[in-house]
Amino acid sequence: MFKFFPHTEEDLQAMMEKAGVERLDDLYAQIPETIRFRGDYQLPSEMSELEVRDLFEKLGSQNKQLTCFAGFGVYDHYMPSVIPSLLQRSEFLTSYTPYQAEISQGTLHYIFEYQSMMAELTGMDISNASMYDGTTAAAEAMMMAVAAGKKVNKVLVSAGLNPKTREVLDTYALHQGIELVTISLKDGVTDLNDLKARLAEGGVAGVMVQQPNVFGIVEDLTGFAEACHEQKALFIMDCVAADLAILKTPGEWGADIAVGDGQSLGIPMQFGGPYVGYMCCTEKLIRKMPGRIVGMTKDNRDQRAFVLTLQAREQHIRRQKATSNICSNQSLMALFVTIYMSLMGKQGLKEAAQLSYAGAHYLCDELLKTGRFSLAYDRPFFNEFYVKYDGDADTLYQRFIEAGILGGVRYEDGFLFAVTEKRTKEEIDNLVKMAAL
């Protein structure tokens with residue numbers, strides 16, 4: 001059975017007559033013959049389903065599965081096995097976007113639940129219906145601050161932001177006329193005095209910091225929101241979603257916008273994606289928020305129903321007036337983290353975070369005992385930390401790989417190690433043993 005209806009010869013003839021051509025090749029008449037490809041495509045011969053499965057099994061077996069102690073924005077958390085089964089239910093696994101509410105109640109319902117959970121997790125008033133990933137969510141927050149700022153185009157960004165996120169911000173800012181200014185670090189954390197000095201220069205639409213920062217340090221952000229608001233700038237926090245089960249939320253810090261990646265909420269690392277970006281904000285900024293928001297109402301039979309409430313996108317209004325040009329959202333991945341949070345519950349999320357915290361501190365203590373490592377900054381950290389190594393770091397990293405260990409992330413002249421609830425004491429001890437050689 002076709003997933004689509006192919007054109008018949010009669011269909012093709014009718015379309016060509018309408019286009020004023022006799023043959024399909026006439027549609028490409030303007031392409032010079034010298035640049036046309038006339039050879040045979042190097043395509044493999046057809047295979048049966050069994051042969052295709054066997055081919056991909058062999059390709060997959062070439063991947064070397066390593067015990068992961070790397071983080072840097074992507075974390076190896078546990079995924080309950082029931083999630084894939086629920087994801088594939090027909091009321092959820094629907095085509096594209098829920099424009100027609102009457103046939104999209106399953107999709108709209110889980111997006112509503114996602115929004116509710118993310119708003120509670122971040123301590124913010126409003127959540128949108130998810131975004132592509134954490135880096136583009138940060139870029140949208142940057143543009144949102146400028147849109148709300150009225151004739152100001154400067155955004156201050158902490159040097160503690162993940163460099164991958166900063167690169168995306170730079171790309172977006174270049175084509176949006178936004179000036180990005182870096183706030184310096186002092187002893188591994190964002191310098192509040194430098195922030196205040198740059199705010200005093202004026203013209204600032206927003207300030208973005210990361211929590212925990214790129215070094216895994218949990219920053220004390222006391223006074224940050226107040227300093228921003230005194231200069232009428234928005235305070236933006238970029239946070240690892242799972243860490244908010246224990247850490248002080250953006251809402252508690254007084255943030256106006258909270259963004260980040262939801263990958264840590266059970267989504268497998270899966271070679272870099274797909275993931276899901278989240279964005280939450282205060283109620284007063286709701287009409288500046290990109291994407292869409294799902295609301296709950298009642299129909300004419302007084303039954304609960306879900307609808308798209310706000311969706312100021314380029315499909316509906318003039319492109320230059322749209323809050324964003326996001327053309328879709330990661331709603332299937334939003335469903336993933338919604339099921340994950342539902343299964344784990346508040347206590348489960350806290351326990352996973354506590355195990356990650358305990359494992360990271362145990363690993364750190366054991367590495368320091370070897371005498372070969374030292375903490376780059378004597379600051380509180382959560383489940384990720386940055387250490388310097390007294391030796392050839394590249395050689396050690398390769399030794400980890402050969403032992404079946406993804407030994408952190410090589411960063412500058414040291415290592416960023418991350419631990420999640422999946423890492424056992426035996427695995428941690430094995431890493432320390434290899435590091436002490």
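For this chain, numbers begin at 1 and follow the sequence in order. Values below: all heavy atoms of this structure, side chains included; hydrogens, waters and symmetry mates excluded.
By the 30° and 60° cut-offs, the orientation of the rings of F385 relative to F381 is tilted. Using cut-offs of 30° and 60° for the angle between ring planes, the Y386 and Y411 rings count as perpendicular. Classification of the F400-F417 ring pair by plane angle, with boundaries at 30° and 60°, yields perpendicular.
Nearest approach of A138 to M208, heavy atoms of both residues: O-CE, 3.4 Å. Shortest non-hydrogen contact noted between L343 and P80 is CD1-CB, 3.8 Å.
Going from atom CD1 of I257 over to atom CG of D238 covers 11.5 Å, rounded to the nearest 0.5 Å. Rounded to the nearest 0.5 angstrom, M117 CE and L349 CG are separated by 9.5 Å.
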Q.
Would Q210 and T165 count as a side chain to side chain donor-acceptor pair (under 3.5 Å) here? Give the steps.
A. CA-CA 10 Å; Q210 181 172 308; T165 305; 4.9 Å; no

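Taking the charged nitrogens against the carboxylate oxygens, K186 and D194 have no contact shorter than 4.0 Å, which rules out a salt bridge. A salt bridge links R166 with D170: the closest approach of a Lys/Arg side-chain nitrogen to an acidic carboxylate oxygen falls below 4.0 angstrom. A salt bridge does not link R399 to E402: none of the charged nitrogens lies less than 4.0 Å from a carboxylate oxygen. Ion pairing of R53 with E57 is absent here, as no side-chain N (NZ or NE/NH1/NH2) approaches a carboxylate O to less than 4.0 Å.
Looking at N213, its side chain never comes within 3.5 Å of a backbone N or O of V189 through a donor-acceptor pair. The main-chain N or O of S356 is never found under 3.5 Å from a side-chain atom of T420 such that the two would form a donor-acceptor pair. Looking only at distances, no side-chain donor or acceptor of E384 sits under 3.5 Å from a matching main-chain atom of L416. Looking only at distances, a side-chain donor or acceptor of Q88 sits under 3.5 Å from a matching main-chain atom of P84. At distances below 3.5 Å, not a single donor-acceptor pair connects side-chain atoms of R372 with backbone N or O atoms of L367. A donor-acceptor pair under 3.5 Å is absent between the side-chain atoms of R198 and the main chain of I183, judged by distance alone.
Looking at heavy atoms from C-beta onward, Y114 lies out of side-chain contact with L335 at the 4.5 angstrom threshold. A 4.5 Å side-chain heavy-atom check between W253 and D220 finds at least one atom pair inside the cut-off. Annotation: side chain of Y172 is in contact with side chain of T136 (closest heavy-atom distance under 4.5 Å). Annotation: side chain of I111 is in contact with side chain of Q115 (closest heavy-atom distance under 4.5 Å).
Under the rule for a ring pair (Phe, Tyr, Trp, His ring centres under 6.0 Å), H77 has no partner lying at least two apart in sequence or in another chain. A search for ring pair (Phe, Tyr, Trp, His ring centres under 6.0 Å) contacts involving Y389 returns F373, not counting sequence neighbours.
For residues 240-250, the set of pairs meeting the side chain to side chain donor-acceptor pair (under 3.5 Å) definition, not counting sequence neighbours, comprises T249-E252.
Applying the 6.0 Å contact sphere to CD of E120 captures no more than 12 heavy atoms from other residues, nucleotides or ligands.
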